[in-house]
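Before any comments, here is the structure.
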Amino acid sequence: MAGLLLQLLLTVFVMAVSLQGWLPLGCLEEERTALLQLKDALNYPNGTSLPSWIDGDAHCCSWESIVCNSSTGRVTILALDSTRNWELGDWYLNDSLFLPFQELNVLSLSANRIAGWVKNKESLGSLKLLDLSGNDINKLIASRGSSNLSALILNNITTYGSSLQLLLSLRAFPNLTKLDLSNNDFRGKILGFLDLKNLEYLDLSYNTLNNSIFQTIGKVYVT
Ligand SMILES: *[C@@H]1O[C@H](CO)[C@@H](O)[C@H](O)[C@H]1NC(C)=O
Ligand SMILES: *[C@@H]1O[C@H](CO)[C@@H](O)[C@H](O)[C@H]1NC(C)=O
Ligand SMILES: *[C@@H]1O[C@H](CO)[C@@H](O)[C@H](O)[C@H]1NC(C)=O
Ligand SMILES: *[C@@H]1O[C@H](CO)[C@@H](O)[C@H](O)[C@H]1NC(C)=O
Ligand SMILES: *[C@@H]1O[C@H](CO)[C@@H](O)[C@H](O)[C@H]1NC(C)=O
Ligand SMILES: *[C@@H]1O[C@H](CO)[C@@H](O)[C@H](O)[C@H]1NC(C)=O
Ligand SMILES: *[C@@H]1O[C@H](CO)[C@@H](O)[C@H](O)[C@H]1NC(C)=O
């Protein structure tokens with residue numbers, strides 16, 4: 001009798017979790033699929049990164065570099081810093097890879113040899129922090145719909161000459177409170193384009209600057 005009850009309870013439990021679409025320690029099936037696609041893109045054509053991301057393993061919330069929300073089972077943090085094999089050459093990242101992650105708050109992709117960021121019409125609306133430092137990005141195109149982003153870390157990402165396009169596109173992030181542009185060799189004349197009204201923290205260290213930047217930004221704490 002007790003065995004039957006236990007089995008009944010177990011069946012109800014299994015039905016409940018499969019209706020939800022996720023298992024304890026697992027993530028949503030659509031996000032698991034997206035993680036494996038991301039792994040393929042990151043390793044294309046012959047990289048060896050993220051060995052713990054294994055097709056067939058449902059427990060993707062315990063994979064390396066991932067944090068899930070334990071009540072929704074959705075991925076909230078992807079910390080993929082220095083993950084990609086450098087010999088694979090430049091990576092032109094298509095941000096549709098991240099669209100399935102509807103609760104993604106933190107996306108950290110530093111030092112992965114990202115050279116460009118292809119932005120799609122849909123946006124990563126849940127994103128609050130994006131870290132692209134240590135890549136050599138000469139084209140960052142951002143359009144509408146990134147309004148929830150509050151921290152953008154672009155330390156050491158570009159060389160002088162390609163900076164103009166990058167800074168113009170910062171207008172797409174109206175709610176930024178923290179912006180790190182350190183180590184980029186930006187010149188003062190380019191920074192005059194900044195128009196970020198909510199900015200509270202700005203790191204411009206290790207750049208070549210002149211005072212004209214402060215005419216457009218207002219009150220910021222410069223480190
Ligand atoms: C991938 O293959 C290329 C050429 O076949 C090779 O030069 C490179 O080292 C390989 N990269 C990795 C990460 O295995
Ligand atoms: C997890 O998701 C729940 C439900 O959406 C939300 O209330 C909670 O704040 C989230 N927790 C974290 C740490 O994001
Ligand atoms: C980015 O990926 C999406 C979905 O796979 C695709 O439709 C789109 O054409 C890609 N964009 C570029 C510029 O490759
Ligand atoms: C910003 O976040 C709020 C609350 O999480 C959400 O309702 C909204 O759609 C997000 N904005 C965008 C542009 O996705
Ligand atoms: C800038 O990024 C490159 C590539 O990741 C790295 O090799 C270099 O050490 C970084 N420079 C600084 C000053 O952080
Ligand atoms: C972002 O900015 C828009 C317009 O300035 C505002 O309506 C919205 O509430 C802001 N969102 C957040 C999360 O601060
Ligand atoms: C400082 O920036 C202003 C504004 O763009 C520019 O006209 C000027 O040449 C710069 N001065 C120096 C010394 O670089």
Side-chain angles (χ1 to χ4, degrees), residues 67-69 72 74-81 93-112 114 116-160 162-223:
V67 175
C68 293
N69 179 321
T72 62
R74 283 192 174 271
V75 175
T76 55
I77 299 178
L78 278 173
L80 298 169
D81 309 277
L93 194 60
N94 183 338
D95 79 355
S96 68
L97 282 170
F98 301 104
L99 291 178
F101 306 109
Q102 290 176 16
E103 285 179 28
L104 190 63
N105 290 327
V106 175
L107 178 56
S108 199
L109 291 167
S110 67
N112 283 312
I114 295 169
W117 177 270
V118 179
K119 187 88 174 71
N120 287 284
K121 285 202 185 98
E122 286 180 87
S123 72
L124 306 167
S126 61
L127 213 55
K128 296 195 168 69
L129 185 150
L130 176 61
D131 185 347
L132 294 173
S133 22
N135 293 289
D136 193 9
I137 298 177
N138 49 42
K139 202 172 184 186
L140 179 71
I141 309 238
S143 51
R144 296 156 289 134
S146 301
S147 61
N148 283 339
L149 198 72
S150 64
L152 184 57
I153 316 298
L154 300 175
N155 165 45
N156 181 23
I157 62 155
T158 190
T159 47
Y160 181 60
S162 53
S163 324
L164 181 62
Q165 188 166 21
L166 176 80
L167 286 169
L168 283 170
S169 69
L170 289 174
R171 287 176 187 278
F173 307 109
N175 292 9
L176 275 192
T177 58
K178 174 174 178 171
L179 176 61
D180 183 346
L181 289 171
S182 56
N183 274 303
N184 283 309
D185 198 17
F186 290 131
R187 312 295 163 114
K189 57 182 179 178
I190 294 169
L191 287 162
F193 286 101
L194 282 170
D195 184 22
L196 299 167
K197 295 189 174 60
N198 297 322
L199 207 59
E200 292 168 359
Y201 173 96
L202 176 65
D203 190 343
L204 291 169
S205 54
Y206 300 97
N207 284 287
T208 310
L209 298 170
N210 77 20
N211 282 335
S212 60
I213 174 179
F214 300 112
Q215 293 163 10
T216 45
I217 291 185
K219 280 184 193 159
V220 292
Y221 303 99
V222 179
T223 61

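Quick caveat, the model's predicted, so the values are computed rather than measured.
Taking CG from Leu176 and OG from Ser150, the interatomic distance works out to 7.5 Å, rounded to the nearest 0.5 Å. Between the CG atom in Leu78 and the CG atom in Asp81 there is a gap of 10.5 Å [rounded to 0.5 Å]. Taken to the nearest 0.5 Å, the CD1 atom of Ile157 stands 8.0 Å off from the CG atom of Asn135. Note that CG of Leu107 is 13.5 Å distant from NZ of Lys128, once rounded to the nearest 0.5 Å. Rounding to the nearest 0.5 Å places CZ of Phe98 at 4.5 Å from CG of Leu93.
Side chain of Asn148 to main chain of Gly125: a donor-acceptor pair is present (N/O by atom type, distance under 3.5 Å, no hydrogens or angles). No donor-acceptor pair under 3.5 Å is formed between the side chain of Asn156 and the backbone N or O of Ser133. Judged by distance alone, with hydrogens and angles left aside, the side-chain atoms of Thr177 form no donor-acceptor pair with the main-chain N or O of Asn198 at under 3.5 Å. Side chain of Asn69 to backbone of Arg74: no donor-acceptor contact under 3.5 angstrom is found. With Asp95 contributing its side chain and Leu124 its backbone, the two residues share no donor-acceptor pair below 3.5 Å.
Between Leu179 and Leu199 the shortest side-chain heavy-atom distance falls below 4.5 Å. The closest side-chain heavy-atom distance from Asp203 to Lys178 is not below 4.5 Å.
In the model, Asn155 has a side-chain atom that pairs as donor or acceptor with a side-chain atom of Ser182 under 3.5 Å.
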Asn105 vs Thr76, side chain to side chain donor-acceptor pair (under 3.5 Å): CA-CA, chis, key distance, verdict: CA-CA 5 Å; Asn105 290 327; Thr76 55; 5.2 Å; no
